[in-house]
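Accompanying notes for the structure given below.
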Protein chains: 2
Amino acid sequence: MGYKHSIEEILDIGYDVLRKNGYHNVGVNQILKEAGIPKGSFYNFFESKEDFAIKVVNRYGESNAKWMEVFFENPQLSPMESLKSFYKFMIDTNEKDEFLSGCIVNNMSIEIGRISDTMATSANEQFLSWLDILASVVQKGQELKEITTKFTALEIAEYLHAGFYGTFSRMKVTRNRKYMDIWYKLSFEFIKA
Amino acid sequence: MGYKHSIEEILDIGYDVLRKNGYHNVGVNQILKEAGIPKGSFYNFFESKEDFAIKVVNRYGESNAKWMEVFFENPQLSPMESLKSFYKFMIDTNEKDEFLSGCIVNNMSIEIGRISDTMATSANEQFLSWLDILASVVQKGQELKEITTKFTALEIAEYLHAGFYGTFSRMKVTRNRKYMDIWYKLSFEFIKA
DNA sequence: ATCAAATTAGACCGAACAGTCTATTTTTAA
DNA sequence: TTAAAAATAGACTGTTCGGTCTAATTTGAT
C-alpha cells in the first residue's frame, strides 16, 4: 500500500506553492506545512530546496508538454484556431487566479535563472519542449496557408512565446487581462498568411 | 559640504544590486556593504527594504523615461528607425552584462509584484510612463505611414513592450541574444505599414 | 556660539532560514 | 520471519534575515 507520501504528490503541491510565491519568498517549512509532510521526508526525497524547485519545474514542464500535445491533436480546430484557443485558455487560466501567479517556469527563470545554472538548464529544456510543439502547429498552419511563411515555424513559435510571456509582468502589476488581450489581438493578426 | 552619503547615491548602487540579484536573493547587509554605508544611514533614509526597492524602481523608471524622451528626439532617425534603434540598444545593453540581469522593473514585478501592492503600483506607473513615450513615437510613425494603422499607437506600444519583455526569461536561461533577435526581426516586420 | 535636527555608526535582537541529526516506524525483499 | 532499506517524525543547529536601538558626530539654523 506504499508510504504516506509520494514524491509526485509533494511536487504537485510544490508547483502551486512555488508558482504563487516564487522561490525565495517561500520557506521549506511552509512547503512542509502545505504538503503535510515532516522535514525528514522532504530531505529524504530531495537533496535541497533548489533540487526540489528544479524537480517541480521539470515535472510541470513535462506534464504541460503532454497536455499541449493532446490539446493540439484536436481535429476540430485548424492549426491557427487551435493556437488561438490555446492562448485564450492560458489567459483565462491566469484570470482564474486573479493574475497573481503567472508561469512557474518564467517566475523561476527570472528570479533564480541567474544564480542557479541547473535551474536555468531545466527551465530552458522545458521551454524548448513547448516551443517544439508550438512550432509543429505553426508549421501545419503554414502548410495550410493559414500562417505567414515569411518566417520559419520555430521563429514564429519563439515570437508567440516571447510576446505572451512579456504580458506576465504587466499582468502581475495591473492584475487584469487587458494587456494579454492586446497582445493576443495583434499577434494573431500579424501572423496571418 | 553635506553628509557622507546621499539617498540618490545609495539608490544608484541599489539599482545595480537589485537588478542583478533580484529582491529576496540579496540582503540589506549586502546592500550596505556594496554602498559602503552603515545600517543607521540606510534606515534613516528608508523605512524598510521594500521601501528602498520601490524608491530604486521609481528612480530608475523616471530616469529611464527621461532618457527615452531624449533618445526619441533625435531628428536624424524616422520614428520606425528610432524604435528599432532603441530596442537594438536595449538588446546590446543586455548583452554587455552577459544576459544575466534583465530589467529591474520586470524582475521586481515578477518576483514581488504579487506580495507588495505598493511595488506593483510603482512598477505599473513606470511601465505606463515608458509606454506613453513609445506610443507617441509609434503614432508619429503611423502619421508618416511607416507603421500600420490597423491598431492604435498604444496597442502597438504595449505589443512591442510585451514581446521584448518576454524575451527576458529565455535570455536568462540561455544567456544569449538569439531569441531577442528573433523577436526584433519579426516584430518590426509585422508593424510595418 | 548654541542647539535642534539629521546623519553616521554598528552592536544587538528575535524570527526565520535551509539544512542536519537521531530515533522510530513502515515497507520491501530475501 | 527477518534483515535491510526507505520513509516518517520533528527537535535541533548555525547562519542570515530585516529591523531596532542607543550613542556619537556632523550639519544647518538661529
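Chain letters run A, B, ... following the sequence lines, proteins first and then strands; every chain starts at 1. For the numbers below, each heavy atom of this structure counts, side chains included, while hydrogens, waters and symmetry mates do not. As the structure is a computational prediction, the values presented were derived from the model and not from experiment.
Taking atom CD1 on B/Ile37 and atom P on D/dG18, their separation rounds to 13 Å, with Å as the unit. Between the NZ atom of B/Lys49 and the P atom of D/dT20 there is a distance of 15 Å, given to the nearest Å.
Of the candidate nucleotides C/dG10, D/dG10, D/dA7, D/dA7 has the atom nearest to the side chain of A/Tyr3. Of the candidates C/dA18, D/dT8, C/dT8, the closest approach to any side-chain atom of B/Pro38 belongs to C/dT8.
Taking the six-membered ring wherever Trp is involved, the centroid distance between the rings of B/Tyr60 and B/Tyr15 falls below 6.0 Å. Between A/Phe86 and A/Phe89, the distance from one ring center to the other does not fall under 6.0 angstrom. Aromatic rings from B/Phe164 and B/Tyr159 are positioned such that their centres are separated by 6.0 Å or more. A ring-centre distance under 6.0 Å is found for B/Phe71 and B/Trp67.
Contact of B/Lys39 with D/dG19 (side chain to base): a donor-acceptor pair of N or O atoms is detected under 3.5 Å.
Proximity of residues 40-48 of chain B to DNA chain D (heavy atom under 4.0 angstrom from any strand atom) is restricted to B/Tyr43, B/Ser48. Taking every heavy atom of residues 24-35 of chain B and every atom of DNA chain C, no pair lies under 4.0 Å. DNA chain D lies under 4.0 Å from no heavy atom of any residue of residues 5-22 of chain B. A heavy atom lying under 4.0 Å from DNA chain D marks none of the residues of residues 109-123 of chain B.
The pair A/Lys150-B/Glu189 counts as a salt bridge, with a side-chain nitrogen and a carboxylate oxygen less than 4.0 angstrom apart. The pair A/Arg19-A/Asp97 meets the salt-bridge criterion, since a charged nitrogen lies less than 4.0 angstrom from a carboxylate oxygen. Under the 4.0 Å criterion applied to side-chain N and carboxylate O atoms, B/Asp117 and A/Arg175 are assigned as salt-bridge partners. A salt bridge links B/Asp12 with B/Arg59: the closest approach of a Lys/Arg side-chain nitrogen to an acidic carboxylate oxygen falls below 4.0 angstrom.
In terms of heavy atoms, A/Asn107 sits closest to A/Ser101 at ND2-O, 2.8 Å. In this structure, A/Pro79 and A/Leu144 approach most closely via the heavy-atom pair CD-CD1, 3.6 Å.
Between the side chains of A/Ser169 and B/Asn106, at least one donor-acceptor pair of N or O atoms lies under 3.5 Å.
Hydrophobic clustering of Ile, Leu, Val, Met, Phe, Trp and Tyr side chains at less than 4.5 Å, counting indirect connections, keeps B/Met90 apart from B/Leu100.
The side chain to side chain contact (heavy atoms under 4.5 Å, CB included) test applied to B/Lys185 returns A/Phe151, A/Glu155, not counting sequence neighbours.
Between B/Phe45 and B/Lys55, the closest side-chain pair of non-hydrogen atoms is not below 4.5 Å.
Cation-pi geometry between B/Arg170 and B/Tyr179 is met: under 6.0 angstrom from the ring centre, within 45 degrees of the axis.
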Report each atom pair, protein N/O against N/O of nucleotides 2-4 of chain D, whose distance is under 3.5 angstrom.
none

